[in-house]
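The chains referred to below are lettered A, B, ... by the order of the sequence lines, with proteins before strands, and numbering in each begins at 1.
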Number of protein chains: 2
Amino acid sequence: MSVKYSILGLLHYEDMHGYRIKEHIEKNFGYMWSVNYGQIYPNLKKLEQEGLISMREEVQNGKKGPPKKLYSLTDAGREAFQEWLAGSPERSMLLRDPFLMRFVFFGFGDKGRALELIDEQIMAYEGDLAGRLSKKEKWRTKDVFVNQLAELGIEMNKMMLSWLKETRKKVAAGGEEQ
Amino acid sequence: MSVKYSILGLLHYEDMHGYRIKEHIEKNFGYMWSVNYGQIYPNLKKLEQEGLISMREEVQNGKKGPPKKLYSLTDAGREAFQEWLAGSPERSMLLRDPFLMRFVFFGFGDKGRALELIDEQIMAYEGDLAGRLSKKEKWRTKDVFVNQLAELGIEMNKMMLSWLKETRKKVAAGGEEQ
DNA sequence: AAACACATGTAACACGTTACATGATTCA
DNA sequence: TGAATCATGTAACGTGTTACATGTGTTT
């Protein structure tokens, strides 16, 4: 259901067609969120049927590509969105991360390989962090919430890095004790 | 696929039947992970068909309940698990959190309600943190990896709390500037 | 007698991902 | 000419969740 309401949310910025929606998410939330057409187009159709958005076909005179289907929020859509936005979200679990899923079981595996995989993670997060920090400037103009979300991404990255490094030390040290 | 390999991982501790597997996860990883029988039983069946685990029916003489189906790892299962464990995991996205999903769009909603929802999150995370800290002692005997995962849970909780509190300040302050 | 813990299982549904099909325009 | 970009869409698949059905033994 989150995709449905995300679309309603994004249409608050401007009227969009499916392709733009994906693009918008990739440009603005690419570091923390992804969608694909298999989700977008069926949801747009459903939302229209429910009367939460309305579609107008853009006749592209001379422009490239097939006719765009521009969607905009209806009053009902705005209402439904507000209701969702004001509702209390269910609490979700951490540790859906594919790395952490393995990590719990590293005790049953090869310690050398575990260290390698930890190093891989460290490098990946370091790359992410650099990317996030460099993009931080571009995002500065947005509202507090979008800004703070970017900040959270950075904080989370930093925390993961220090945890990974600390963990690496402990694992490496544990090997000599045995 | 993660459930499949998680089962193989858990069977390294001891032979288990479906019910125990769920119980084990809830007791040991309850703060960060959940499964349900709809996943467990079909996966056990599949794993057995693939020859990665083997089943022996426990004849319960005089004991309560239906006969337990005890599963244990086969050599093929151990191998498949090791292969998975040593493989590089795909990187996953943060922000699959239902709260953060709403949070991005708080700019389009009521600021008072936003503050309330932030407060709700703060209270929830404070409860979690207390719970995690109190259980930390019980887990102390486990291996480095399980230990570190518990540590990560605590760190993550702390980070979220400080971020939420900082965010709350900024949002509240932003209201007066306008 | 009722509730609860033990134990196994499935069917329906919701959600998400991948891969493919289609087709016009623009640029190298 | 071929590749890239714009643009819409669907079918198959994989995974996860909810809710139900079934039944025994123990505790209140």
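- Taking A:K46 as the reference, nothing meets the salt bridge (Lys or Arg N to Asp or Glu O under 4.0 Å) condition, with sequence neighbours excluded.
- Of the two residues contacting DNA chain D, namely B:N43 and B:Y37, the nearest-nucleotide position lying further toward the 5' end is that of B:N43.
- For A:Q39 and C:dC15, the shortest distance from a side-chain N or O to OP1 or OP2 is not below 4.0 Å.
- Checked against the 6.0 Å centroid threshold, B:H12 and A:F105 do not count as a close aromatic pair.
- Nearest to the side-chain atoms of B:K68 among the listed nucleotides C:dA7, C:dT17, C:dT10 stands C:dA7.
- Contact annotation: A:S34 does not reach the phosphate of C:dG16 (side-chain N/O to OP1 or OP2, under 4.0 Å).
- Closest to the side chain of B:N36, from the set D:dT8, C:dG9, D:dT18, is D:dT18.
- Checked against C:dG9, D:dT10, D:dG16, the side chain of B:K69 finds its nearest nucleotide in C:dG9.
- Of the charged side-chain nitrogens involved, none lies within less than 4.0 Å of a carboxylate oxygen, so that A:K45 and A:E48 do not count as a salt-bridged pair.
- Comparing D:dT10, D:dT17, C:dG9 by their nearest atom to the side chain of A:P42 picks out D:dT10.
- The side chain of A:Y41 has D:dT8 as its nearest neighbour among D:dT8, C:dG9, C:dG16.
- Residue A:K22 places no side-chain N or O under 4.0 Å from the OP1 or OP2 atom of D:dC6.
- Distances from the side chain of A:Y19 to the nucleotides C:dT10, D:dC6, D:dG16 place D:dC6 closest.
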